[in-house]
> 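Submitted below is the structure of interest, expressed as structure tokens.
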2 protein chains.
Amino acid sequence: MLDKGVETLDPPRLSDQLCFAAYAAAHAFGKAYREVLDPLGLTYPQYLVLLVLWEDGEMAVKDIGRRLHLDTGTLTPLLKRMEAAGLVRRKRSLDDERQVRVSVTGKGRDLKKPVADACEHVACTLELPPAKVEALRASLIEIVHSLGRR
Amino acid sequence: MLDKGVETLDPPRLSDQLCFAAYAAAHAFGKAYREVLDPLGLTYPQYLVLLVLWEDGEMAVKDIGRRLHLDTGTLTPLLKRMEAAGLVRRKRSLDDERQVRVSVTGKGRDLKKPVADACEHVACTLELPPAKVEALRASLIEIVHSLGRR
DNA sequence: CACGATTAAATTGTCCGCAACATAATTTTG
DNA sequence: CAAAATTATGTTGCGGACAATTTAATCGTG
């Protein structure tokens, strides 16, 4: 018998690991976006913050964190850098002083078109049929939920 | 006409972004693995290093970087921490003194079984048919290559 | 109203990730 | 063989990412 039995379990091979594929893909995307975002003075997470602010308008730090799955330890300094760069405004909410409301400035709004172009550029280097991209995206989100429910 | 014309291009919505799905999935995996690896004194990247060393035996820092898509700015301090923890050995190659050869110690080898169990545990919380997991993995790797060729 | 529980941000400490640069060893080439 | 180019690693600096803790504001219940 070639069976090793249930008591000896080998660690998986790197190339078989779905988690590593996701890890590598995220890094590859990060690198691709860095190239097009750097000229705009943006990092990838900062770009994500702009996306949600453009979509939903002014919102609390907490809400940005909920959308991006990031906590305040990441967001507070990141938002301060974006504020220093003149891209967003941060001000305490009047009716709940625990909250800091974040909104995009004019300068931040001006990035909308150049950023949209940059995204198009990355999407093009990735020559995959839109249907496949969408299926892949949906599967990944399903995994996020599955791991989150744990 | 509702057409906005080619000159105005909106930024994509966060939820449509494949890159964000990959980013979120990688973080979700990282979080899931952190829970099972932390009791073993390992971080996720350190776990990846052990995987490649278990597979290929002693190898140079450069080769680990090639497998994991990481550069020396990340690996050198990471490997020093693993050496300090007694998990790996680092020594200059005799026939090429530019290289640092990395190998697993006995203590590192002892983690093989507990780590294999930990992986099984994460794989289980992810209740997806193996065929789907494999298809997903292959697609992600394809994307990594596609973005890398750019 | 008061006091304990909850919530939102901020802070601290540790680790990853990478660009840019430095150093030393090896290889290539004139 | 010597100078130039290349290669492998290390270092520095900056920006995430997150656990754990702190502080201040708000809410809930008696």
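Just so it is clear: chains get the letters A, B, ... in the order the sequence lines come, proteins before strands, and each one is counted from 1. Note that this is a predicted model, so its numbers are computed, not measured.
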> Check every atom of D:dA17, C:dA10, C:dG17 against the side chain of B:T74 and return the nucleotide holding the closest atom.
C:dG17
> Do the side-chain N or O atoms of B:R90 get closer than 4.0 angstrom to the phosphate oxygens (OP1, OP2) of D:dG10?
yes
> Examine C:dA19: is either OP1 or OP2 under 4.0 Å from a nitrogen or oxygen in the side chain of A:R34? Give yes or no.
yes
> A:V100 has a side chain; which of C:dA19, C:dA10, D:dT9 sits nearest to it?
C:dA10
> Toward the 5' end of DNA chain D, which comes first, A:L94 or A:P45, by nearest nucleotide?
A:P45
> Is the shortest side-chain N/O distance from B:K62 to OP1 or OP2 of D:dT6 below 4.0 Å?
no
> Using a 4.0 Å heavy-atom cut-off across all strands, classify B:L70 as base, sugar-phosphate, or nothing.
sugar-phosphate
> Given atom CZ of B:R98 and atom P of D:dA5, what is their separation to the nearest angstrom?
17 Å
> Given that A:R92 and A:K31 both sit by DNA chain C, which one's nearest nucleotide is further toward the 5' end?
A:R92
> Looking only at side-chain atoms of A:T76, point me to the closest of D:dC18, D:dG10, C:dT11.
C:dT11
> Check every atom of D:dG16, D:dA19, D:dA8 against the side chain of A:D71 and return the nucleotide holding the closest atom.
D:dA19
> For the side chain of A:K80, counting heavy atoms from C-beta on, which of D:dA25, C:dA10, D:dA19 is nearest?
C:dA10
> Please evaluate the base of C:dA10 for a donor-acceptor partner in the side chain of A:T72 within a cut-off of under 3.5 Å?
yes
> Give the rounded distance in Å between these two atoms: CG of B:D38 and C1' of C:dT14.
12 Å
> Around atom CZ of A:R13, are there more than 12 heavy atoms from other residues, nucleotides or ligands closer than 6.0 Å?
no
> Choose from D:dT11, D:dT9, C:dA9 the nucleotide whose nearest atom is closest to any side-chain atom of A:Q99.
C:dA9
> Please report the distance, rounded to the nearest Å, between CD in A:Q46 and P in C:dG17.
19 Å
> For B:M82 and C:dC15, what is the distance between atoms CE and P respectively, to the nearest whole Å?
13 Å
> Taking the six-membered ring where the residue is Trp, are the ring centres of B:Y33 and B:Y47 under 6.0 Å apart?
yes
> Can you check whether A:S15's main-chain N or O pairs, donor with acceptor, with B:R137's side chain at less than 3.5 Å?
yes
> Any base atoms under 4.0 Å from B:L78, or only sugar-phosphate, or nothing? Heavy atoms, all strands.
sugar-phosphate
> Taking the six-membered ring for Trp and the full ring for Phe, Tyr or His, determine whether the centres of B:Y44 and A:Y23 are under 6.0 Å apart.
yes
> When you check the phosphate oxygens OP1 and OP2 of D:dG15, does a side-chain N or O of A:Y44 lie under 4.0 Å from one of them?
no
> Whole angstrom is fine here: how far is it from CE in A:M59 over to C1' in C:dA9?
16 Å
> Does the side chain of B:L51 reach to within under 4.5 Å of the side chain of A:F20, using non-hydrogen atoms?
no
> In whole angstrom, what separates A:H27's NE2 from C:dA19's P?
12 Å
> To the nearest Å, how far apart are A:H69 NE2 and D:dG16 P?
18 Å
> Between B:A25 and A:L140, what is the shortest heavy-atom contact and its length?
CB-CD2, 4.0 Å
> Between C1' on D:dT11 and CG on B:L79, what's the gap in Å once rounded to a whole number?
15 Å
